[in-house]
Participant: 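Here you go, one structure.
Each ligand, and each atom within it, is numbered from 1 in the order the structure gives. The structure displayed is predicted, hence computed values, not measured ones. We count residues from 1, following the sequence as given.
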Amino acid sequence: MPFSLPDLPFDTSNLMPFCSAETFQYHHGKHHAAYVTKLNDAINGTPLAELSLEEVILRSHAEGNKAVFNNAAQHFNHSFFWNCLAAAKEKQTNAADAPTTGPGPQISTLLDRDFGGLDQFKAAFNQAATTLFGSGWAWLAQNGSGKLEILQLKDADTPLIQGKKPLLTLDVWEHAYYIDFRNRRPDYINTFWDFINWDFVEKQLS
Ligand code: MN
C-alpha cells in the first residue's frame, strides 16, 4: 500500500498571519506531495514497501539509503507538523476546530520541570529555530528517560532516529515561510506560538 499525502487538519485560510493559503498550496500541495511521490517511487517493488513509515525511516537510515530516508523522514516530519498547527482562535467557528488555548496539564508540568516554565521553553525553542543554519526543523521531544529536550535537526533529520518521542515541531526550511515572511525567519517563528494545537502535543505524551 503506497504512502499518501494526508489532508490538512484545518482550513488553510485560518492560519494568517502565520501561514497563508498560498503557502499551504505550495508547502503541502507541492513540497510535501513531492516527498510522498518520491518515497513511493523509491520503495516500489522493494521490501521497504511492506513496512510502516517509521520502519522505513529507521531501516533506510540504518542502511545509509539517503534517497529513501530523506523522503520518508520529510513525509513524517511534515505530517507531524500539520498536526501541530491549529486555526487562530477567532477563526474557530465549529466544534471540530482544534483548541489553541495553551499547553495542557501534562505538558505544562514537564515544561516547568525541564525548562523552568513556558516562557523559558519558548525562548530556548526560538533560539534553536532561529540559529539553525540552512534548512531543518526545531523539535520538542521526549527522551527515553522522560525528559523533554529541544532538538535542532538539519535537513530531513527526525527525533525518531534518536529513539526520542516527537511532541512539537516547526519547519524552518525557507519554503515554509518565504512567501509570507520573505527572509524574516524570526518573525515566522514568533508568530508560530499563536497557532499551536496544544491538544495534539498533550496527546503525544500518553
Ligand atoms: Mn517543509
Side-chain angles (χ1 to χ4, degrees), residues 2-43 53-54 56-57 60-61 65-88 98 125-141 150-162 164-197 200-201 204:
F3 294 106
S4 58
L5 182 69
D7 290 334
L8 289 170
F10 42 73
D11 180 334
T12 59
S13 62
N14 288 349
L15 278 82
M16 280 296 281
F18 175 63
C19 268
S20 63
E22 186 186 5
T23 289
F24 284 115
Q25 196 182 325
Y26 282 89
H27 197 181
H28 173 261
K30 305 285 186 195
H31 290 279
H32 187 176
Y35 295 127
V36 175
T37 301
K38 288 177 184 170
L39 170 62
N40 286 330
D41 288 348
I43 65 175
L53 182 58
E54 293 197 20
V56 171
I57 289 169
S60 61
H61 183 260
N65 185 346
K66 274 285 186 185
V68 169
F69 171 76
N70 284 337
N71 289 297
Q74 284 292 73
H75 176 33
F76 174 85
N77 292 345
H78 283 90
S79 301
F80 196 91
F81 180 44
W82 310 137
N83 284 327
C84 289
L85 301 178
F125 188 95
N126 284 353
Q127 172 78 4
T130 305
T131 59
L132 194 156
F133 185 78
S135 297
W137 300 79
W139 292 87
L140 174 67
I150 292 168
L151 307 176
Q152 190 188 52
L153 299 183
K154 292 276 289 176
D155 301 326
D157 274 356
T158 187
L160 300 181
I161 60 174
Q162 298 181 14
K164 291 170 184 169
K165 183 190 283 189
L167 301 176
L168 174 71
T169 194
L170 176 63
D171 187 343
V172 293
W173 285 57
E174 272 189 353
H175 69 217
Y177 59 85
Y178 214 80
I179 291 172
D180 302 318
F181 293 90
R182 297 305 177 197
N183 62 327
R184 292 177 289 113
R185 188 195 285 185
D187 292 348
Y188 163 74
I189 293 166
N190 283 327
T191 312
F192 173 54
W193 300 105
D194 292 330
F195 297 89
I196 293 177
N197 183 347
F200 173 77
V201 177
Q204 304 316 301

Participant: Strictly under 2.8 Å, is any N, O or S atom of His31 next to the Mn ion (ligand 1)?
Facilitator: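 No, outside the cut-off.
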Participant: So, do Phe200 and Phe80 have ring centers that fall under 6.0 Å from each other?
Facilitator: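 Centroid distance Phe200-Phe80: below 6.0 Å, so yes.
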Participant: Output all residues satisfying side-chain contact (heavy atoms from CB on, under 4.5 Å) with His61, sequence neighbours left out; order by chain, then residue number.
Facilitator: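 Partners of His61 under the side-chain contact (heavy atoms from CB on, under 4.5 Å) test: Phe69, Ile161.
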Participant: Which value, rounded to 10°, describes the OD2(Asp171)-the Mn ion (ligand 1)-NE2(His27) angle?
Facilitator: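 Answer comes to 90°, rounded to 10°.
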Participant: Measuring to the Mn ion (ligand 1), does His32 have an N/O/S atom at a distance below 2.8 Å?
Facilitator: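 Checking the Mn ion (ligand 1) against His32, no N, O or S atom falls under 2.8 Å.
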Participant: Return the minimal non-hydrogen interatomic distance between Ile57 and Thr158, and the atom names on each side.
Facilitator: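 Smallest interatomic distance, heavy atoms only, reads CG2-CG2, 4.0 Å.
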Participant: With Asp180, which residues qualify under side-chain hydrogen bond (donor to acceptor under 3.5 Å, both in side chains), at least two apart?
Facilitator: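 Asp180 satisfies side-chain hydrogen bond (donor to acceptor under 3.5 Å, both in side chains) with Ser20, Thr23 once adjacent residues are dropped.
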